[in-house]
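In what follows, a structure is listed as structure tokens, so that the remarks can point back to it.
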Amino acid sequence: MILPELNPSQNEAVTHAGGPLLVLAPAGSGKTRVVISRLLHLFEKHGWSDDRILAVTFTRKAAREMVSRIAESRPSFAVPWVGTFHSVAARMLRQHADRIGLPREFAIVDGPDQRQILRDLLEAAGLSEKEHDPKSVLLRISQWKTSGVSPDEAERTSFGPFRADAGLYRSYEARLGAQKVLDFDDLLLRLTRLLKNDPEVRTFYRNQFEHILVDEYQDTNAAQEALLRILSRDGRNVTVVGDDDQSIYRFRGADVGHILSFARHYPDARRVVLSVNYRSTRAIVGAAKAMISSATSRFDKDMSSAGGKGLPVVLKKAGNESDEARHIGLRILEKVSSGSRFRDQAVLFRMNVQAQTFSRILTEQGIPYKIRAGSDGFFSRREIRDLLAYMRLCVNPFDRVSLSRVLNVPQRGFGDKTRNRLEALADKEALPARRLLSLLAEELPQKAADTARRFADDLSEGRVLAEKGEGVCPLLSFWLERTGYERYLEGLGEPEGTLRDRRENLRELSRMADRFDRSWKAVPERTPAGVFLEELALSQDDPGDTEAGETPDRVALLTIHQAKGLEFRHVYLAGAEEGILPLRGRNRVDVEEERRLFYVGMTRARETLEITYCLTRQLFGKTDSFKPSRFLFDLPREFTEGDRPSPAGAGEPSGIGRSVSGTHSSSGARHSEPMGVSRRSEPGSSEVPPKPKIVSRPEWIGRVVRHARFGQGVVEEASGEGGDLELAIRFEEVGVKRLLERFANLTAD
DNA sequence: GTCCTCGCGTTTTTT
DNA sequence: ACGCGAGGAC
């Protein structure tokens, strides 16, 4: 097959035959094209039918893009097995649900549901949310689950407050089981377990998929990696594509170690590096390359730009965040007057709060912009969650979270007392909602009992409607009408605007249901509502985001995380300050991940890149002064211009391990304002110290150790830096400490 | 059962 | 600054 438009390494990645393949695809290296070309190449070369290849992505957006790109190239292919890890797993699990005692219509609980379950469990256990923050406990539970630690083991190896967390883990699992629902982790874990225990199913899929391709492999977590391994023929028929430098999701379990050690885990894996950047100018690539090369754990890749030299990366110092925004606004207008559009430009920052200043200032300057809805997105709106809860109860009557949510919405006169009674009944025995309500009715006074029975009847009616399978709209309308939801909203006494928004959201939900019903094709043994709800559960997409067609001419205001995978002609990377980027959180920072984040931000730019930093900034209500980001010192003079920061020696970040700042600053830098002294590199010492070998040491995580002074603790993170093993250990008494294993003198416990 | 006030903590986000 | 949760008042 002739692929004339591909460069040699792209071509190698596309045509590689046999054996595991790792494609290292840095920003702008034509990754998507290579992925699509490879899939088409495999189809054509082998004459496989279109269900013989599995392609997994991390986001639905990426999956959608893959599907449409394939369709563009070869409309004849359907490629049914393209999806997210979770959607693919859900599909396989439903297929074989009977083998593991799951109903085919098992529901999937999302983040807010999980949090609600945990809150209920905390209350039942008499624990406070203060000491057991639901989010962190869930994170902990997720770590336990993904690393294969059972509640029993967790209880054995935990101590202090974690003992209680382990107890919560046990009851959390029990409650999910009783409700016949799975969380996101379960989708992967249960499938992996099924494949492990059931040779028939395992053989079935291993035979079905001639080839498996994984995109954004640097974002895989342990559960996904385990699934990939068992689903594939021991990795023989696997292609993974990714970029270790763009791994920015460690906080949610991604382990860059998977991509870094791919060759170790999959013997005779072939590695192809796509090293030509077709996106950005030489200046941008040069600056980004220099800055990421100071990272400690990465593949040493070469990168070159296929473009022209371009304009230098501009560094700009601003007095405060308003000045910063005003400056960027003016630059945006300059670009527009010289022919660029607003939508060619993007402002990138570390934290969502930073968007507020830009929003205010850009409005003043008359610049159109768009901000992606954050946590107040469509699917976290009360009206949406309420109606979805009603619908979910009809698909899965065991869903306690949904029942509890709508118990008193609209008001039925059920308060805490009634709720507790209901919870107690549900604890005793797993029963469908209508049975629970009938039982409850027996304990209630006449009037309340009638209400409970009416509610139970409504639920039965809704259930019948859902089972009939005539679509989502009838079910939605049923609940809207039966609950008098509009009247309920009116009675809330909220401001006019809020009420209007809520009504508009409900209309949007109806439209979504309508669109779904129109395109709905019968799936054996599944109800439309079940499929609809699964689609929503697996996509927390803002519906506004997915509206196709028009692309309004607006500047994009994005966090760097949101910008991943996107590109813009002109990028403004704002807030390049110590404490912001790298961010200094309450706990500690993972400077390496922050560096990659900075890198991802830089590499979004095609033509121009401007990086700004503020001397002072108002954050959390008070004004503080900030120092320029250490990463700015890694940008070579050759590719930059403007306000190069002068190294300030004082106030190095505390903690063990050398600071990055200064160590790698370009040796020839002249310091216009030599206020600091110490941090200059010796002239001629521009040699970067030899790259330490990797890196992530997952085998340490979860180990219980004893320290002479701090006592007993559990290892939360482990990474090798400069040949040393650095551990983050949570101690019972003193909290999290970061220690070098070499010096800490730890004993196993 | 609902409203109000006080105090605290504050990343990043997908499925 | 601001929102959220806990706890008290009505």
Side-chain angles (χ1 to χ4, degrees), chain A residues 56-63 83-90 108-115 119 122-123 128-131 133-136 138-139 142 146 182-189 216 219-221 223-224 227 247-254 348-357 360 372-377 379-380 408 411-419 448 491-493 534-542 545 558-565 575 579-590 593-594 596-598 600-601 618-624:
Chain A
V56 278
T57 61
F58 279 82
T59 62
R60 313 201 99 214
K61 204 170 143 207
T84 62
F85 266 106
H86 293 90
S87 67
V88 164
I108 300 163
V109 290
D110 64 3
D113 289 339
Q114 289 174 287
R115 245 161 281 153
R119 278 204 204 98
L122 281 168
E123 203 186 324
S128 82
E129 277 189 42
K130 279 256 157 50
E131 281 162 87
D133 169 48
K135 259 206 246 151
S136 4
L138 280 167
L139 204 66
S142 174
T146 30
L182 302 189
D183 66 14
F184 291 125
D185 290 330
D186 286 327
L187 293 173
L188 308 171
L189 298 171
E216 305 282 3
D219 289 332
T220 39
N221 66 27
Q224 288 157 337
L227 176 57
S247 170
I248 54 174
Y249 285 110
R250 203 169 81 129
F251 65 90
R252 64 176 203 221
L348 270 44
F349 35 79
R350 179 67 231 269
M351 289 178 289
N352 279 311
V353 279
Q354 292 173 263
Q356 287 169 13
T357 312
R360 193 181 82 237
R372 226 203 63 177
S375 53
D376 55 341
F379 290 107
S380 37
N408 200 32
Q411 291 92 338
R412 296 188 171 90
F414 294 154
D416 281 348
K417 247 170 77 187
T418 321
R419 180 179 310 258
L492 285 176
E534 169 173 320
E535 274 188 21
L536 296 188
L538 291 177
S539 84
Q540 302 288 307
D541 284 2
D542 200 303
D545 259 17
L558 304 160
T559 65
I560 301 173
H561 284 95
Q562 289 162 358
K564 181 155 177 238
I580 306 291
L581 186 54
L583 186 71
R584 188 154 34 241
R586 198 86 227 104
N587 302 328
R588 46 99 252 291
V589 268
D590 180 348
E593 180 128 327
E594 299 290 315
R596 294 190 291 263
L597 213 35
F598 198 98
V600 168
Q618 200 179 70
L619 196 60
F620 307 138
K622 60 179 195 296
T623 305
D624 283 320

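Remark: P of B:dT2 and NZ of A:Lys417 are 14 Å apart, rounded to the nearest angstrom. Computed from coordinates, the A:Asn408 CG to B:dG1 C1' distance equals 9 Å when rounded to whole Å. Rounded to whole Å, atom P of B:dT11 lies 12 Å from atom CG of A:Asp133. The CZ-C1' distance, from A:Arg412 to B:dG1, rounds to 16 Å in whole Å. If you measure from atom OH of A:Tyr249 to atom P of B:dT12, you get 12 Å, rounded to the nearest angstrom. One interatomic measurement links the two molecules: NZ of A:Lys622 to C1' of B:dG9, which rounds to 10 Å at whole-angstrom precision. One atom, CZ of A:Phe620, and another, P of B:dT10, lie 8 Å apart when rounded to the nearest Å. The distance between atom NZ of A:Lys135 and atom P of B:dG9, rounded to the nearest whole Å, is 14 Å.
The phosphate of B:dT12 (OP1 or OP2) has no side-chain N or O of A:Arg250 nearer than 4.0 angstrom. Under 4.0 angstrom from either OP1 or OP2 of B:dT13 there lies at least one side-chain N or O belonging to A:Gln562. For the pair A:Ser87 and B:dT15, the criterion of a side-chain N or O lying under 4.0 Å from OP1 or OP2 is not met. OP1 or OP2 of B:dT12 sits under 4.0 Å from a side-chain N or O of A:Asn352.
In this structure, the nucleotide among B:dT15, B:dT11, B:dT13 sitting nearest to the side chain of A:Met351 is B:dT11.
Between A:Gln411 and A:His561, the residue anchored nearer the 5' end of DNA chain B, judged by the nucleotide with its closest heavy atom, is A:Gln411.
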Passes side chain to side chain contact (heavy atoms under 4.5 Å, CB included), A:Ile580 versus A:Leu619? Steps please.
CA-CA 10 Å; A:Ile580 306 291; A:Leu619 196 60; 3.8 Å; yes

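No salt bridge links A:Arg115 with A:Asp133; every basic N to acidic carboxylate O contact stays at or beyond 4.0 Å. For A:Glu216 and A:Lys564, the salt-bridge test passes: some basic side-chain N is under 4.0 Å from an acidic carboxylate O.
Among the heavy atoms of the strands, none lies under 4.0 Å from A:Arg419. Using a 4.0 Å heavy-atom cutoff across all strands shown, A:Phe349 reaches no nucleic acid atom at all.
Ring-plane geometry between A:Tyr249 and A:His561 is classed as tilted, the angle between the planes lying from 30 to 60 degrees on a 0 to 90 degree scale.
Here the options are A:Arg350, A:Arg250, A:Arg584, the test is salt bridge (charged side-chain N to carboxylate O under 4.0 Å, His left out), and the partner is A:Glu594; only A:Arg350 passes.
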